[in-house]
Amino acid sequence: MRTSEFDHVKERGHPARGKCMVLGALAVQGSGASRIGFVTGRRLGSAVVRNRVRRRLREIVRKHQHDLREDFWIVLIARRDAADASYLSLEDEWLRLAKRASILAL
RNA sequence: CGAUGGCAGAUGAUCGCUGGUGAACCGCAAGGUUCGCUGGAGGAAAGUCCGAACACCAUACGGCAGCAUGCCGCGUAAAAUACGCGGGCGCCGCGGUUGAAAAAUUGCGGUGACGGAGAGUGUCACAGAAAAGACACCGCCGGUUCUUUGAGAAAAGUGCAGGCAAGGGUGAAAAGGCGAGGUAAGAGCUCACCGCUCGCGAAGCAAUUCGCGAGGCACGAAAAACCCCAUGCGGUGCAAGACAAAACAGAGGAAGGGCAGCCGGCCCGCUAAAGAUCCUCGGGUAUAGUCGCAUCACGAUGCUGUAGCGGCGGUCUCUGACCGCCGAGACUUCAUCGGGCAUUCUGCGAAAGCUGGAUGAGAUAAAUGAUCAUCCCGGCUGAGAAAUAAGCCGGACAGAAUUCGGCUUAUCGCCAUCGAAAA
RNA sequence: GCGGGCAUAGCUUAAUGGUAAAGUUCCAGCCUUCCAAGCUGGCCAUGCGGGUUCGAUUCCCGUUGCCCGCU
C-alpha cells in the first residue's frame, strides 16, 4: 500500500475503534483478495516494541486470512495500549473489530 | 569490590516472512502458480558526538568572519589537534623512610578540556580598611601641642603631622613561606633554606629534569569571559546522486558577450556556465520504476547477445535512407574457478607471522516471527543426613536502512586474567 | 535515514556568572445583600546527571523529552 492509499482508506473507510487498535475498512469493487496495511507509530515505543506489535498483528491476520471477505482495503492502526497487550488479548480484539466492520466471511 | 578482555542461551518439530537460485506447469507476452535448495540483526545495530570513503554543486583559488583542536613522542586507511599506546608535569588517596612537629623524599593507585592572565579589554557580589598601580579599621612606633598625676625623673590621656604592615578581624581569595639578623616600630632591608623569574651547562628525539650562577619578589584567581598564539577546516549530504519513462511543453548545439537577475555567511578577483540571435531535435519533469546497494574499479573461462562496424541482397523520394541475411563483436549482467579484503576456527611458533578450513544480511508502509518439546544458566520453595528429584519465577539492553573507523550512553547475568595500600 | 532548534511557577513570557522577575491561575482576607470587577497578602519553578568557578538559569560535556525542515 502506498501513502495515498493509506490516506484514502483512513478518510473514506468506516473506522472501528478498540482499546488497542483502530480498524479502517473500505470496499473496493473488483480489487480481488483483500489487502491490509499496518500502522505502528512512534508513540507506541522503541523500534523493538513497534516491531513486536506489528509482527503480532501480522500473525493474527495471517491465521484468520481465510475468514476475510474479498474486495476490501483494510488499515490497522495500533494504539498506545497495544504495546503492553498480550498476543491473546490482541487476537480477541481483532476478531471483535473485524466482526463489527463486517469484513469476515460467514 | 575494582580494572581489563570475552560471551550475549542451545537443539529439534510444525506453520509463516524476506533476499538469492533451480525445476515443472500455465500464458502470445508481461508475468503467475507449485515444489525444492540456500542466506537472513548487534555489542552496542542506539545516540548522531567526531572523522573517512563515496556522490553532487555557477564561485572549491585568495582574504575576512566563523567553527574546531591545544603538555610531549610514536602508531592508525594519506595526514591530523580525533582515537590508541607510552612518557612528562600538576593534583588527590594510601603505605614506607627521615623528622619532636611542620614537612621532605620514595613506592603504588587514581585523576587532569594540561598553550598564553610577563599583549590588551572587562569581571571578582556580600563582607572587609583595602579585591589588584595597597588610599590601613582595630593596631604598633617615635616626634610634638594641651591636660592630669608627681618634689623630680617620668607615666597616663587627648589632638596634630608622620613612619610601619608584624599581630587581630573580613572573605572563596589579602600581595612569596619559615627562621635569624636588623630596627623607634617594622619591612627581601640583609642572610640561610624552600619557592619564583632569568641566564649558562649537562641528560633526553621532545615535553621536561638535574646542576651552577644571577636577580631580589616585580608575577592573586578566572581564558568551560572577550581575546592572543599555533594548527586544521569549501558546502551539502545516499532524502547525495545517475538512468529509464506517462501527464505536460521544452531540450541540446554554435557564435557572440563579459552587462541585468539568480548565486557562498561576507568581500575582491579568476575560470566556467547561462538569457536576447541562429541552427538542430522528441526534450526529460513524479513522494511510486531501475541503479547507487551489499566483500572487490581484480584476473581467467563460459552463457545471453546490444550499440556501433564490415560484407551481400532487396526497396525507395538513389553520392543517401530503410529492411533482411551473414561475419567478427567492445561494454554490461549473471555463473564457475582463482586471487585480494574482513571476520572467525584449528594447527605450528617466544612473538611477528605462516599453512589449511569456514563465512560474507539487505528491505523501501520497510523481512528475521508464532506455537510446542527437550536441554542449559540464575533465583526461590523444598521430602531428605547429603548429592539431588520435583514445582514456580526469571534469561537483560535492545532491531540493520550507503559503507567503514572512533567516542558516548543502555545492559539480566556468566566466564577468564590481574589487583599496591586501606576497609 | 540526514540536518536543525527548544526546555524557567499549573499556563504565557523575563533575568551583564552574585537573593530567579512579571502577568495570569489557585488559596485567604477586604469590598458587595450576593456574584463579577477591584484592592491586599500568600503558595508554587530553572528537565535530569556531571564538570569549570568562591559561586551556574547563564559557560562546557553527557543524557531525557518535545518541536521543526529535507523525499
Side-chain angles (χ1 to χ4, degrees):
Chain A
M1 275 193 177
R2 301 296 178 198
T3 303
S4 57
E5 296 172 342
F6 270 87
D7 291 340
H8 187 67
V9 173
K10 280 191 278 188
E11 287 176 15
R12 307 278 296 280
H14 300 287
R17 293 185 180 83
K19 190 175 189 310
C20 300
M21 64 187 86
V22 176
L23 189 149
L26 179 67
V28 178
Q29 292 299 317
S31 61
S34 286
R35 308 166 68 201
I36 185 157
F38 302 91
V39 177
T40 50
R42 282 193 43 169
R43 300 192 73 90
L44 267 90
S46 64
V48 174
V49 174
R50 295 199 302 271
N51 279 342
R52 187 166 58 230
V53 169
R54 190 167 61 245
R55 283 164 181 160
R56 279 176 172 167
L57 292 177
R58 184 176 288 139
E59 177 69 14
I60 288 165
V61 172
R62 193 182 64 80
K63 283 176 73 176
H64 298 95
Q65 59 184 329
H66 301 299
D67 301 331
L68 287 177
R69 289 165 67 185
E70 291 195 341
D71 299 337
F72 270 101
W73 285 7
I74 302 162
V75 170
L76 196 59
I77 305 167
R79 305 186 68 181
R80 209 161 186 171
D81 291 333
D84 303 321
S86 68
Y87 176 83
L88 290 176
S89 61
L90 285 175
E91 189 173 20
D92 287 346
E93 182 154 338
W94 156 255
L95 289 172
R96 195 165 54 79
L97 292 178
K99 194 174 292 179
R100 219 164 70 194
S102 61
I103 56 174
L104 291 177
L106 296 176

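The chains referred to below are lettered A, B, ... by the order of the sequence lines, with proteins before strands, and numbering in each begins at 1. Heavy atoms only: backbone and side chains are in, while hydrogens, waters and symmetry mates are out.
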Checklist line | Toward the 5' end of RNA chain B, by each residue's nearest nucleotide, A:R62 or A:V48 | finding: A:R62
Next item on the list: Could you classify B:rG188 for me, syn or anti, using a glycosidic angle within 90° of 0 as syn?
Entry: syn
Next item on the list: Identify whether any heavy atom of A:R58 sits under 4.0 Å from a base atom; if not, whether one sits that close to sugar-phosphate; answer base, sugar-phosphate or nothing.
Entry: sugar-phosphate
Check: What is the base-pairing partner of B:rG31, counting Watson-Crick and G-U wobble geometry with both distances under 3.5 Å?
Finding: B:rC26
Notebook entry, point to check: A:H64 has an atom NE2; how far is it from atom P of B:rG16, in whole Å?
Noted result: 15 Å
Note to self: From CG of A:N51 over to C1' of B:rG40, roughly how many Å is that when rounded to an integer?
What the structure shows: 15 Å
Next item on the list: Following the transitive rule for hydrophobic clusters with a side-chain heavy-atom cut-off under 4.5 Å over Ile, Leu, Val, Met, Phe, Trp and Tyr, establish whether A:V48 and A:L57 coincide in one cluster.
Entry: no
Checklist line | Distance in Å, A:E59 CD paired with A:E91 CD, rounded so as to fall on 0.5 Å steps | finding: 9.0 Å
Next item on the list: Could you give the distance separating B:rA175 and C:rU52 at their C1' atoms, to the nearest angstrom?
Entry: 26 Å
Check: Short question: side chain of A:R79, backbone of A:G18 - any donor-acceptor pair under 3.5 Å?
Finding: yes
Margin query: Under a 3.5 Å cut-off for both contacts, is B:rU97 paired Watson-Crick or G-U wobble with anything, and if yes, with which nucleotide?
Written below: B:rA104
Margin query: Which nucleotide, if any, forms a Watson-Crick or G-U wobble pair with B:rC210, using both distances under 3.5 Å?
Written below: B:rG201
Checklist line | Pairwise C1' distance, B:rG188 and B:rG177 [rounded to whole Å] | finding: 12 Å
Check: In whole Å, what separates the C1' atom of B:rA80 from that of B:rA52?
Finding: 12 Å
Next item on the list: Please check the phosphate of B:rG399 (OP1 and OP2 only) for any side-chain N or O of A:R52 closer than 4.0 Å.
Entry: no
Check: To the nearest 0.5 Å, how far apart are CD in A:E93 and CZ in A:R96?
Finding: 5.0 Å
Check: Side chain of A:E59: nearest nucleotide among B:rA367, B:rG399, B:rG369?
Finding: B:rG369
Note to self: Give me syn or anti for B:rA41, where syn covers glycosidic angles within 90 degrees of 0.
What the structure shows: syn
Item checked: Pairwise P distance for B:rA218 and B:rA165, with rounding to whole Å -> 12 Å
Checklist line | Distance in angstrom units between A:R54 CZ and B:rC17 C1', rounded | finding: 12 Å
Next item on the list: Report the residue from A:R50, A:R54, A:M21 that forms a side-chain contact (heavy atoms from CB on, under 4.5 Å) with A:F38.
Entry: A:R54
Note to self: I want to verify a distance call: between B:rG399, B:rC15, B:rA367, whose nearest atom is closest to the A:A47 side chain?
What the structure shows: B:rG399
Note to self: From CG of A:L57 over to C1' of B:rG16, roughly how many Å is that when rounded to an integer?
What the structure shows: 16 Å
Next item on the list: Report the distance from atom CG of A:L90 to atom P of B:rG369, rounded to the nearest whole Å.
Entry: 17 Å
Next item on the list: Would you indicate, yes or no, if B:rU368 has its OP1 or OP2 atom less than 4.0 angstrom from a side-chain nitrogen or oxygen of A:R55?
Entry: yes
Item checked: For B:rA78, the Watson-Crick or wobble counterpart (both distances under 3.5 Å) -> none
Next item on the list: Using a 90° cut-off around 0 for syn, call B:rG43 syn or anti.
Entry: syn
Next item on the list: Hunt down the Watson-Crick or G-U wobble partner of B:rC392, both distances under 3.5 Å, from any strand shown, or write none.
Entry: B:rG379
Checklist line | Distance in Å, A:L97 CG paired with A:D92 CG, rounded so as to fall on 0.5 Å steps | finding: 11.0 Å
Check: CZ of A:R50 versus C1' of B:rA401: gap in Å, rounded?
Finding: 13 Å
Item checked: Straight-line distance of A:R62 CZ to A:R55 CZ, nearest 0.5 Å -> 14.0 Å
Note to self: On RNA chain B, does the nearest nucleotide to A:F38 precede the nearest nucleotide to A:V49 from the 5' side, or the other way round? Give the residue.
What the structure shows: A:F38
Note to self: Under 3.5 Å for both donor-acceptor distances, Watson-Crick or wobble: does B:rG66 have a partner, and if so which one?
What the structure shows: B:rC233
Item checked: Distance, rounded to the nearest Å, where A:Y87 contributes OH and B:rG16 contributes C1' -> 11 Å
Note to self: Need the pair for B:rA373. Rule: Watson-Crick or G-U wobble, both distances under 3.5 Å, any strand; none if unpaired.
What the structure shows: B:rU11
Item checked: Inter-nucleotide P distance (B:rG220, B:rC229), Å rounded -> 23 Å
Checklist line | Distance between P atoms of B:rU355 and B:rG40 (Å, rounded) | finding: 28 Å
Check: Under a 3.5 Å cut-off for both distances, is B:rC414 Watson-Crick or wobble paired, and to whom?
Finding: B:rG6
